[in-house]
Structure formats: C-alpha cells, structure tokens
Amino acid sequence: MAAVIVFYSMYNNTKAAAEYLAEKIGAPLVRLQGKGAVNPVKGMMKISANPVGDPWSAVRDADRMILMAPIYAFNGVPEVRGFLKNADLSGKDVLIITNGAAPEEKFSAKVAAQYTELIEKAGGKVSLNLHHIGGEYKQFSGNTHAHQQIDGILSLVQAWLARA
Ligand SMILES: Cc1cc2nc3c(=O)[nH]c(=O)nc-3n(C[C@H](O)[C@H](O)[C@H](O)COP(=O)(O)O)c2cc1C
C-alpha cells in the first residue's frame, strides 16, 4: 500500500477535505474518533486520548501516511496524539496537513511540531508539513470550501507522493 490518509474531524471540515483528497490520489482513509466530543482543554494540556477501535492495523502496511487534523485551541487533538503514541511508524514517511480557521504559520507550525515529536518517537519521518483553511468556528463550511482548499495544495501533495 503506497499511502494512507489518517484524519480526525469533529465538525466534518477535515472529513470533507480528507475524502476529497483520498479520491484525488486514490488513497484509503482511516478516521480517528474519540469516545465523545473533542476536548480542546486536553489538547492545550497535551493530554493524549486513545481513539476508539483499531486504526493502527489500517496503517501497518503503508509506506507513507498523510495525517490530516484540525487545530483546536492553538493545539493538536488528544486522539491524534493517542494514535501516534501507540503507533509503530518505523520506516514511514509522513505528510502532516493541518487545518484551522487561521492561515498558515499562525499555529500550524507549532501543532505540526507537536505531532512530529510523537511521529519520530514512533519511528516515522515527517518530510512535509502543509496547512489549509478549515471551517468557521464549530461549523461545517461546506464541501465546496473544503475541495477548494485541497485543490490549493494538491500539486504539493502529488509532488510529495512522486518523490522516490
Ligand atoms: C473549540 C475550537 C477551537 C478552535 N481553535 C482554533 C485555533 O486555535 N486556531 C485555528 O486556526 N482554528 C481553530 N478552530 C477552527 C477549527 O480548526 C476549524 O474549524 C476546523 O476546520 C475544524 O475541523 P473539523 O470540522 O474537521 O472538526 C477552532 C475550532 C473549535 C471548534
């Protein structure tokens, strides 16, 4: 399996973006879900929460992983942290795609660095970070918005996939 997309989404903006990207590049999708709603306070405290089910087995055979996750309260998602903490990413090349209401660099570099630390501990290597604009606060901003955002970074994702 070449690449797998792993994503977390509470309000469906990341879901719409991930589904569209999966269709464009022909990659399988793995959704990380918690037991309840997202907890941004836990995110701020860098607490991890295990996602439900077994998302780990779905990435085992992939050489590359695209991690798509929203930014909540200037930080990453507890369930993404939980997934990464318990993953074996040995030899995997990882692309992190964050999204948020704010543009690139405001919080995306910080959040990507939080995930990179966990990915490297799990044996993986992050070779690219990308960011796109997500939905309005606690709203689904629609498929058209999500698709436009992915269209804006698609050539960079394709170039990453084409790397030897
Ligand atoms: C509680 C909460 C906190 C948020 N904090 C931030 C933030 O700090 N920075 C940012 O850029 N966007 C922030 N957002 C916007 C989300 O990142 C954006 O709406 C994202 O697309 C949500 O993804 P989802 O629909 O897949 O859950 C926040 C949204 C919520 C609901």
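As the structure lists them, so they are numbered: ligands from 1, and atoms in each ligand from 1. Only heavy atoms go into these numbers, but all of them, side chains included; no hydrogens, no water, no symmetry mates.
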Between Tyr20 and His147, how do the two ring planes meet: parallel, tilted or perpendicular, split at 30° and 60°?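 Ring orientation, 0 to 90° scale: parallel.
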
Parallel, tilted or perpendicular for Tyr8 and Tyr72, by the 30°/60° rule? perpendicular

Is there a ring pair (Phe, Tyr, Trp, His ring centres under 6.0 Å) between Phe107 and Phe74? Walk through the geometry before answering. CA-CA 6 Å; Phe107 314 109; Phe74 326 114; 5.0 Å; yes

Which ligand 1 atoms are under 4.0 Å away from a heavy-atom of [X]?
{"X": "Pro40", "answer": "1 (C)"}
{"X": "Lys138", "answer": "31 (C)"}
{"X": "Gly134", "answer": "21 (O)"}
{"X": "Phe107", "answer": "9 (N), 11 (O)"}
{"X": "Ala102", "answer": "10 (C), 11 (O)"}
{"X": "Met10", "answer": "24 (P), 26 (O), 27 (O)"}
{"X": "Gly135", "answer": "18 (C), 19 (O), 20 (C), 21 (O)"}
{"X": "Ala73", "answer": "3 (C), 4 (C), 5 (N), 6 (C), 7 (C), 8 (O)"}

Between [X] and ligand 1, does any nitrogen or oxygen pair lie at a separation below 3.5 Å?
{"X": "Tyr72", "value": "yes"}
{"X": "Gln139", "value": "no"}
{"X": "Lys15", "value": "no"}
{"X": "Pro70", "value": "no"}
{"X": "Tyr8", "value": "no"}
{"X": "Phe74", "value": "yes"}

Within the 4.5 Å heavy-atom criterion, are [X] and [Y] side-chain neighbours or not?
{"X": "Lys92", "Y": "Asp63", "value": "no"}
{"X": "Tyr115", "Y": "Val77", "value": "yes"}
{"X": "Leu21", "Y": "Ile5", "value": "yes"}
{"X": "Ile47", "Y": "Asn39", "value": "no"}
{"X": "Lys46", "Y": "Asn75", "value": "yes"}
{"X": "Phe83", "Y": "Val59", "value": "yes"}

Between Asn99 and Asn13, does a side-chain hydrogen bond (donor to acceptor under 3.5 Å, both in side chains) hold up when you go through it step by step? CA-CA 9 Å; Asn99 77 86; Asn13 295 287; over 6 Å; no

Please name the pair of heavy atoms, one in Ala69 and one in Val80, separated by the smallest distance, quoted to 0.1 Å. CB-CG2, 4.0 Å

Has the side chain of His132 got a donor or acceptor atom that lies under 3.5 Å from a matching backbone atom of Ile97? no

To the nearest 0.1 Å, how far is [atom] from its closest protein heavy atom, and which atom is that?
{"atom": "atom 28 (C) of ligand 1", "answer": "Ile71 O, 3.6 Å"}
{"atom": "atom 21 (O) of ligand 1", "answer": "Asn99 OD1, 2.6 Å"}
{"atom": "atom 2 (C) of ligand 1", "answer": "Tyr137 CE1, 3.4 Å"}

Val126 with Leu89, same ILVMFWY side-chain cluster at under 4.5 Å: yes

For ligand 1, is any non-hydrogen atom under 4.0 Å from [X]'s backbone (N, CA, C, O), its side chain (CB onward), both, or neither?
{"X": "Ala101", "answer": "both"}
{"X": "Glu136", "answer": "backbone"}
{"X": "Asn75", "answer": "neither"}
{"X": "Tyr11", "answer": "both"}
{"X": "Phe140", "answer": "neither"}

